[in-house]
Amino acid sequence: MKQRKFSLYRIAASVALAMATMVAINPVYAGAGWGNSANATGAPIKVPTYYANSPAGFRSDLSPTALPGAMVNTGVPLRKFVDSLPGLGATGVNNLGQYLPVAVPDTTTYPGSDYYEIGVVEYTEKMHSDLPKATTLRGYVQLETASNALSSKHVALTYPNGTPILNVAGQQVFAVDKPHYLGPVISAKRGVPVRFKVSNLLPTGHYDPITNSRGGDLFLPVDQTLMGAGVGPDGINKYTQNRINIHLHGGDAPWISDGTPHQWITPAGENTPYTKGASVQNVPDMPDPGPGSMTLYYPNNLSARMMFFHDHTAGITRLNVYAGMAAGYLVSDPVEQGLVTTGVLPLDQIPLIIQDKTFIPADISMQDAKWDVAHWGQPGDLWFPHVYETNQDPNALNGTNPVGRWDYGPWFWPVFPAPLALPTGEYGNASIVPEAFMDTPVVNGTAYPTVKVLPKAYRVRI
């Protein structure tokens with residue numbers, strides 16, 4: 001049959017066009033934008049913004065010292081619809097080598113349950129052909145055990161510096177497959193519980209200026225003023241940035257397995273007084289997994305649906321999930337299978353997990369002068385806002401900031417004194433922001449993907 005090619009974003013583009021015709025769109029000051037303002041004396045000034053855009057080729061140099069007509073290269077622009085959509089399993093591999101691995105259940109260790117051993121690792125994966133490097137990520141991987149050894153690819157897991165990841169017994173840890181974004185997908189059945197043993201296999205320690213190694217620190221800006229992200233209850237030691245947690249979004253887990261914000265763990269051997277959250281409780285009928293691991297239990301007494309499990313760690317949930325700690329969780333039931341068998345639902349299905357990202361541009365030092373490439377990502381990695389750019393500016397003649405994005409209470413009208421200064425947004429003083437809408441749609445881990453389909457019915461699960 002002749003294949004037809006379609007864009008996943010045709011509908012979205014139509015909606016955006018319709019919205020644009022209804023309301024006036026104000027220009028957004030983003031990228032290396034500079035707003036025109038006036039100081040208290042009325043003298044004109046340029047106000048910088050620190051909100052980066054993904055690589056988009058050459059742009060005008062808008063900085064105050066730029067020569068007329070000067071251009072800046074932001075990096076190779078990300079073309080649309082040149083990379084194919086990753087699908088389920090190895091048969092769904094795209095041109096970048098991406099796909100969503102489907103986890104292999106162990107049905108014998110806990111009779112009546114599907115059992116999986118899952119690790120959290122730091123790895124890299126190319127998310128678009130035009131990006132200058134494979135993007136640094138953190139995410140889930142299924143670990144090799146005796147029960148899945150025959151179907152395992154026997155992948156030796158390593159830390160970002162190439163050293164092997166060892167278990168508490170000093171043995172090399174192997175994975176069933178390489179880490180892949182949004183995997184491994186769990187295929188569950190109604191009424192059949194799923195059990196997890198989760199191990200935190202992230203690097204330990206902190207940034208080392210001698211080796212330029214981040215250790216267990218995140219490659220994204222962390223606001224350490226948030227509860228659970230900075231200094232702990234002893235008033236001295238800080239929480240580490242390599243804590244992980246799993247929450248089954250939309251599931252029916254008992255509270256001990258719900259993945260609440262204080263049910264996190266650090267890697268085994270981490271030098272910290274805070275090795276686990278106050279609410280960590282392992283599953284009573286499963287062995288104690290030891291340091292750096294925890295166990296979870298999901299009854300799956302719910303109807304067929306597509307869900308996902310993701311990180312939920314206090315203070316850094318948004319960053320861990322943005323960094324890649326999310327994976328699919330499919331539940332089937334007899335009703336759904338009956339609809340497929342009778343042809344009401346198509347047999348072929350296409351999962352679409354849609355997210356938005358911004359990738360660090362080549363001119364990050366100009367677009368976001370406060371971005372620290374030594375501690376955070378490099379061009380091609382993930383960018384995340386870290387400067388609280390206020391809509392108000394008490395030092396401006398009209399009291400407003402032309403490149404502002406969010407209100408700041410003490411500076412709202414009328415202006416009143418603030419007891420504390422705003423964070424600068426620099427490394428060690430980064431700020432959380434109320435919201436962030438990134439500029440690049442990513443589906444199943446690929447930016448602007450396309451998929452070829454036959455002229456027949458498909459079930460699209462979003």
Side-chain angles (χ1 to χ4, degrees), residues 88-89 100-121 139-145 147-148 175-177 179-180 182-201 243-265 276-290 292-314 317 320-321 324-337 349 351 353 461:
L88 285 172
L100 309 183
V102 179
V104 181
D106 170 0
T107 59
T108 59
T109 300
Y110 297 95
S113 298
D114 292 341
Y115 174 60
Y116 303 90
E117 294 197 4
I118 303 293
V120 177
V121 295
Y140 306 117
V141 65
Q142 185 177 12
L143 303 181
E144 181 181 291
T145 63
S147 67
N148 60 35
V176 173
D177 200 349
H180 284 285
L182 298 177
V185 175
I186 303 297
S187 180
K189 298 176 287 294
R190 176 177 181 142
V192 178
V194 161
R195 295 171 182 263
F196 276 180
K197 175 186 174 183
V198 182
S199 297
N200 188 338
L201 304 177
R243 295 169 295 133
I244 64 100
N245 187 348
I246 289 184
H247 170 70
L248 178 58
H249 198 100
D252 62 342
W255 79 264
I256 62 170
S257 299
D258 191 53
T260 59
H262 300 291
Q263 290 177 312
W264 48 262
I265 56 173
K276 63 181 180 179
S279 301
V280 172
Q281 293 285 335
N282 287 305
V283 181
D285 66 346
M286 298 175 69
D288 185 339
S293 299
M294 60 183 172
T295 53
L296 303 169
Y297 176 84
Y298 304 130
N300 293 323
N301 290 319
L302 31 73
S303 58
R305 62 192 66 192
M306 177 180 175
M307 303 185 293
F308 69 110
F309 58 97
H310 62 84
D311 187 85
H312 214 309
T313 302
T317 293
N320 279 354
V321 175
M325 291 190 207
Y329 193 101
L330 294 170
V331 178
S332 63
D333 67 10
V335 174
E336 178 192 44
Q337 293 304 309
Q349 55 179 297
I353 302 174
R461 309 187 72 174

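Positions are given from 1, in the same order as the sequence printed here.
Shortest non-hydrogen contact noted between Ala253 and Pro299 is CA-CD, 4.1 Å. Residues Val280 and Lys276 share a closest heavy-atom pair of CG2-CB, 4.0 Å. Summarising the geometry of Val192 relative to Gly112, their closest heavy-atom pair is CG1-O, 3.7 Å, with the distance given to 0.1 Å. Across all non-hydrogen atoms, the minimal contact from Tyr116 to Ser187 is OH-O, 3.9 Å. Residue Ile186 comes nearest to Ala103 through the heavy atom pair CD1-CB, 3.6 Å, listed as atom of the first residue, atom of the second, then distance. Across all non-hydrogen atoms, the minimal contact from Ala175 to Val141 is CB-CG2, 3.6 Å.
Atom CG of Asn245 is separated from atom CG of Asn320 by 9.0 Å, given to the nearest 0.5 angstrom. Separating the CG atom in Asp252 from the CG atom in Asp258 is a distance of 10.0 Å, to the nearest 0.5 Å. In this structure, CE on Met306 lies 4.0 Å from CD1 on Ile353, to the nearest 0.5 angstrom. Separation of atoms CE (Met307) and OH (Tyr298) is listed at 9.5 Å; rounding is to 0.5 Å. Taking CG from Asn282 and CD1 from Ile265, the interatomic distance works out to 8.5 Å, rounded to the nearest 0.5 Å. Atoms CE and CD1, from Met294 and Ile118 in turn, are 11.5 Å apart once rounded to the nearest 0.5 Å.
One N or O on the side chain of Arg243 and one on the backbone of Ala314 form a donor-acceptor pair closer than 3.5 Å. Proximity of a side-chain donor or acceptor of Gln263 to a complementary backbone N or O of Ser279 within less than 3.5 Å is detected.
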Test log, rule side chain to side chain contact (heavy atoms under 4.5 Å, CB included), inputs Leu248 and Val194: CA-CA 11 Å; Leu248 178 58; Val194 161; over 6 Å; no
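Residues that satisfy the side chain to side chain contact (heavy atoms under 4.5 Å, CB included) test with Asp333, not counting sequence neighbours, are Arg190, Ser303, Ala304, Val335, Glu336. With sequence neighbours left out, the side chain to side chain contact (heavy atoms under 4.5 Å, CB included) criterion links Asp285 to Arg195, Val283. His312 is linked by a ring-ring contact (aromatic ring centres under 6.0 Å, His included) to His247, His310, counting only residues two or more places apart in sequence or in another chain. The ring-ring contact (aromatic ring centres under 6.0 Å, His included) search around Phe309 returns Tyr140, Phe196, not counting sequence neighbours. In this structure, the side chain to side chain contact (heavy atoms under 4.5 Å, CB included) partners of Val185, at least two apart in sequence or on a different chain, are Leu88, Leu100, Leu330. Taking Pro193 as the reference, Ser113, Tyr297 meet the side chain to side chain contact (heavy atoms under 4.5 Å, CB included) condition, with sequence neighbours excluded.
Looking only at atom types and distance, the side chain of Thr313 has a donor-acceptor partner in the side chain of Asp311 under 3.5 Å away.
Using a 4.5 Å heavy-atom threshold, the side chains of Asp114 and Asp106 count as separate. A 4.5 Å side-chain heavy-atom check between Tyr329 and His249 finds every atom pair outside the cut-off. A 4.5 Å side-chain heavy-atom check between Tyr115 and Thr145 finds every atom pair outside the cut-off.
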